[in-house]
Amino acid sequence: MELAMSKSSNLTRTDLDSSFESQLSVSSRTSCRSLRLAEKERRKNQTGDPFVLALKYFSEVKAGTPRAGNDVLKRNLVLVERVGLSRGLPPEAISVMLDFAMSLCMGGVMCVRVLKFLIPATVVPQEAVVRAVSWLCVGKIAISTQVLFLRWVLTVFDMIDSKDHLRAIYGFIFSFVTEENLSPYICHLLYLLTRRESVRPFRVRKLLDLQTKMGRQPFLLHLLSLYKVFYPELVTLSLPSRMRSGFKIHNSTWKVALCAVQKRNSGQVSSDISLSLGLKDETNSRKRKFHHLELPSLSSSIQSNSSSSRSRKVLSLEQLHSFPHLLDNLHCIELPSQMGSLLGSSLALCYLDYVQDDSVFLRLNFWLGHALHEEFLYCSRDGSSGSSSEALHFLNRLLSTQHFLQEGFSSTEGFLYKFLNVWDGSLLRPQILGLLSDIPVVPSSCISQLLFEPLMQLFFTSTLFFKCSVIDCLNNMLLKWLTWHSVYALEDGLDISLNRHTPMNMTLSGFMDSVMELVRFVGRLATVGLQLEGCHSLLLSFILDFYETVCDMFLKYGLPLVVMPPAGVFYPALFATDPVSVDRLSYIMYRYKKNLTSAKCQQQETKQAFHISRQTCQEFNHYLLFMVNCLWNSKMFLPGMAIEVDQELLVLSKVPEPWTSFDLNHHPAFLGCALDFHHKVSLDLIHFRDHLICIVIYILKFARHFIMFTSVKLIYCI
């Protein structure tokens, strides 16, 4: 019985298994039949697609096929060209047409024509680029065609889906650097592909030899500067701290078509050439020649699901969603393919502030410098960016980025030096002056030519409000210079590292010379500006803001420098008609006294303190004596004073006791306040002359800082 049950059980399981397999087989056959029908339908549809047939033709064409009189070739070529220039080519079409062109199946003329309409719709397969680069070693392609191909690669570089295989043939690409006609483009491509592991001693020696042969070419210097970032000991050549852009933009052949394709295919991968995002309002889009002000999307240079990213445990920035997530993955983050996209993400800026890789800032400065120059320097007058919301948004984003990093970019600095020479003073004024206040310390040898001369021309021919904006900008610039000095100055006081974006070291004496030049320049602007504007109180207020910073440079920022305001600022402030200006001047002189006495004591106690110049002490003593005699002692216009007026003129003025006209009782700045107080207390019951004590009380309220130092002894030079 047990045997029968066992057989029955086995039979049942066998029947179930066979039944399941039968059902699975039927299901599989049904699924496979559906797939075959779908594939058959797709092929049927493609069979009638002229574009697919054209691609099939170019993939199967044999070398040596005649070009003259070939109507099939002409028809298919025109079809693919029309699609490429209107909608862009898909990745499969890019691969087919690039292989057809670089293999020279139908000669070099056909290769040039194909390269000119090779506009990608989405991405460019890196395998197609690698195969195309391999055709360069055949030796059949003309140099001009090779240059065109390299220009195309540089144009679509940020649209290549991955760079791993291109970096794997870094040495092969480097071998073309000795070709004189190809060298600028090869250096640019190597610059984009270089990583720390790409730098080798023999490559550095090759570049140095080439630099000796060709001279100090900018493209060679920029590639060497990147090598020096990774391995400073290998590059012994001294490189200038400020170099003009070493790589030209070679996208003129494809720019218009690429922009048109990306506008039609919104939402696709954007390239660094157009920087297209769906952010701008098409109805308000300005008509200009270039389109670089829209920040690119944050996309990694590798695919997030690729095998290389999984093997290296790489995490792209667009995959980060919170600051703790960023902290947990700081050492495995892959940089984006377009460095400009960092400006549009707060998490990316946090990573940018943390990362120590200087190549990141080199790439970002290159992108930023290109965008600024193309949009604001090279565009035509009718294509000005003045009324564009895109330009406003871009510069505001750049300003917020620099404020977040608390330092400016070297590319922004270089752009501003050129832009100031063509700026009218009204185009995006708050943003331009904001960027100008972020520039690092400029050496005193070139600060006049780069900064002072163009600003001076704008200042003297502009409105009152522009003059106030310039003074405020220079005040913010001085504040940031002094802050950098107080934070980054080394303990020995010899070298100052000013900015990691601009790797330039400056001695303390050089820094002091630059600050001295800036303060004196503002003094000249303030003197002439007050004369032109009739000592306007608004302009005077901004000027006094600047000198409130200057008077505390020693005690507040640790800079051993004291610079007094010029007479063209001191006397208009002392004789101003508003009490606030006189009060602030008193406070400024009080702070000057504190700084000078502290420096004097420190100079007597230690030999390391700076030496106060006799001229500075004499200027302070002169101003202090004049203020005391004018406001307190009522000795204005008397013989021996700084301001002397002929006695006959004083008699003709018919002013009783003119030497008391500017003391605390009669100063025009306090008279209005006293009258206002008098009217508020009692206008009908008390005469004005009986209220002298009220006037004095009100005066003392505004002259509190003046009282602080009237009894202090003069500062004498020893």
Q | By ring-ring contact (aromatic ring centres under 6.0 Å, His included) - contacts of Phe570 (at least two apart) | A | Tyr623
Q | Gap between atom CZ of Phe419 and atom NE2 of His373 - 0.5 Å precision | A | 11.0 Å
Q | Gap between atom CG of Leu479 and atom OG1 of Thr549 - 0.5 Å precision | A | 4.0 Å
**Q.** side-chain contact (heavy atoms from CB on, under 4.5 Å) partners for Thr577, two or more places apart
**A.** none
Q) Are Ile439 and Leu451 side-chain neighbours, meaning at least one heavy-atom pair lies under 4.5 Å? A) yes
(Q) Counting C-beta onward and ignoring hydrogens, is there a side-chain heavy-atom pair between Leu455 and Leu474 closer than 4.5 Å? (A) yes
**Q.** Atom pair CD (Glu517) and CZ (Phe521), whose distance is rounded to the nearest 0.5 Å
**A.** 10.5 Å
Q | Set of residues satisfying side chain to side chain donor-acceptor pair (under 3.5 Å) with respect to Glu619, sequence neighbours excluded | A | Gln615
Q: For residues Phe376 and Leu395, determine if any side-chain heavy atom of one lies less than 4.5 Å from a side-chain heavy atom of the other.
A: yes
Q) What pair of heavy atoms forms the shortest contact from Met553 to Leu561, and how long is it? A) CE-O, 3.7 Å
Q) Under the 3.5 angstrom rule, does the side chain of Asp353 hit a backbone N or O of Leu405 as a donor-acceptor pair? A) no
Please list every donor-acceptor pair under 3.5 Å in which a side-chain atom of residues 427-434 meets a protein atom from a residue at least two apart or in another chain.
residue : atom : partner : partner atom : Å
Gln431  : NE2  : Asn396  : OD1          : 3.1

**Q.** Proximity of Tyr557 and His485 rings by center, below 6.0 Å
**A.** no
Q) Under the side chain to side chain donor-acceptor pair (under 3.5 Å) test, which residues partner Asp578, sequence neighbours left out? A) Ser581
Q: Decide yes or no for Leu364 and Leu352: does some side-chain heavy atom of the first lie under 4.5 Å from some side-chain heavy atom of the second?
A: yes
Q: State the CG-CZ distance between Leu342 and Phe361, to the nearest 0.5 angstrom.
A: 9.5 Å
Q | Residue Phe323 excluded, over 12 heavy atoms near CZ under 6.0 Å | A | no
Q: Indicate yes or no: at least one non-hydrogen side-chain atom of Tyr587 is less than 4.5 angstrom from one of Asp583.
A: no
Q | Distance-minimising heavy-atom pair for Val519 and Tyr547 | A | O-OH, 4.1 Å
Q: Ignoring hydrogens and angles, tell me if any N or O in the side chain of Asp552 forms a donor-acceptor pair with the backbone of Glu548 under 3.5 Å.
A: no
Q: Could you pull out the closest heavy-atom pair between Val441 and Ser514, with the gap in Å?
A: CG1-CB, 3.7 Å
(Q) With a 4.5 Å cut-off on side-chain heavy atoms, are Tyr592 and Pro565 touching? (A) yes
**Q.** For Arg520, side-chain contact (heavy atoms from CB on, under 4.5 Å) partners two or more places apart
**A.** Met516, Arg524
Solution key, residues 465-472 side-chain donor-acceptor pairs under 3.5 Å, sequence neighbours excluded:
residue : atom : partner : partner atom : Å
Lys467  : NZ   : Phe459  : O            : 3.3
Lys467  : NZ   : Ser462  : O            : 2.7
Lys467  : NZ   : Glu533  : OE2          : 3.2
Ser469  : OG   : Phe465  : O            : 2.9

Q) How far apart are the closest heavy atoms of Ser437 and Cys473, and which atoms are they? A) CB-O, 3.6 Å
Q) If every non-hydrogen atom of Val442 is compared with every non-hydrogen atom of Cys446, which pair is closest and at what distance? A) CG1-SG, 4.0 Å
Q | Counterpart residues, salt bridge (Lys or Arg N to Asp or Glu O under 4.0 Å), relative to Lys480 (two or more places apart) | A | Asp438
Q: Would you check if there is a donor-acceptor pair between the side chains of Thr483 and Ser486 at a distance under 3.5 Å?
A: no
Q | Side-chain heavy atoms of Leu532 within contact of Phe460, under 4.5 Å | A | yes
**Q.** For the student: nearest non-hydrogen atoms of Pro560 and Met512, plus distance
**A.** O-CE, 3.1 Å
(Q) With rounding to the nearest 0.5 angstrom, report the OG1 to CZ distance, Thr597 to Phe620. (A) 8.0 Å
Q: Show your reasoning for whether side-chain contact (heavy atoms from CB on, under 4.5 Å) applies to Leu420 and Leu436.
A: CA-CA 10 Å; Leu420 285 178; Leu436 191 63; 4.0 Å; yes
(Q) The test is side-chain hydrogen bond (donor to acceptor under 3.5 Å, both in side chains); show your working for Asp513 and Ser444 and say whether it passes. (A) CA-CA 6 Å; Asp513 290 340; Ser444 58; 4.5 Å; no
Q. About how many Å separate CG of Leu343 and CG of Leu398, when rounded to the nearest 0.5 Å?
A. 6.5 Å
Q. Can you list the residues that meet the ring-ring contact (aromatic ring centres under 6.0 Å, His included) rule with Tyr351, with sequence neighbours excluded?
A. none
Q. What residues form a side-chain contact (heavy atoms from CB on, under 4.5 Å) with Thr527, not counting sequence neighbours?
A. Gln531, Pro566, Val569
Pairs of donor and acceptor atoms involving the side chains of residues 535-544, under 3.5 Å and at least two apart or interchain, shall be tabulated with distances.
residue : atom : partner : partner atom : Å
His536  : ND1  : Leu538  : N            : 3.1
Ser541  : OG   : Arg584  : NH1          : 3.1

Q. Do the side chain of Asn595 and the main chain of Leu555 share a donor and acceptor less than 3.5 angstrom apart?
A. yes
Q: May I ask you to test the Leu368-Phe415 pair for a side-chain heavy-atom distance under 4.5 Å?
A: no
Q.
My understanding is that only residues two or more places apart in sequence, or in another chain, count here; which of them pass side chain to side chain donor-acceptor pair (under 3.5 Å) with Thr463?
A. none
Q: List the steps and the verdict of side-chain contact (heavy atoms from CB on, under 4.5 Å) for Leu596 and Phe554.
A: CA-CA 9 Å; Leu596 284 170; Phe554 177 67; over 6 Å; no
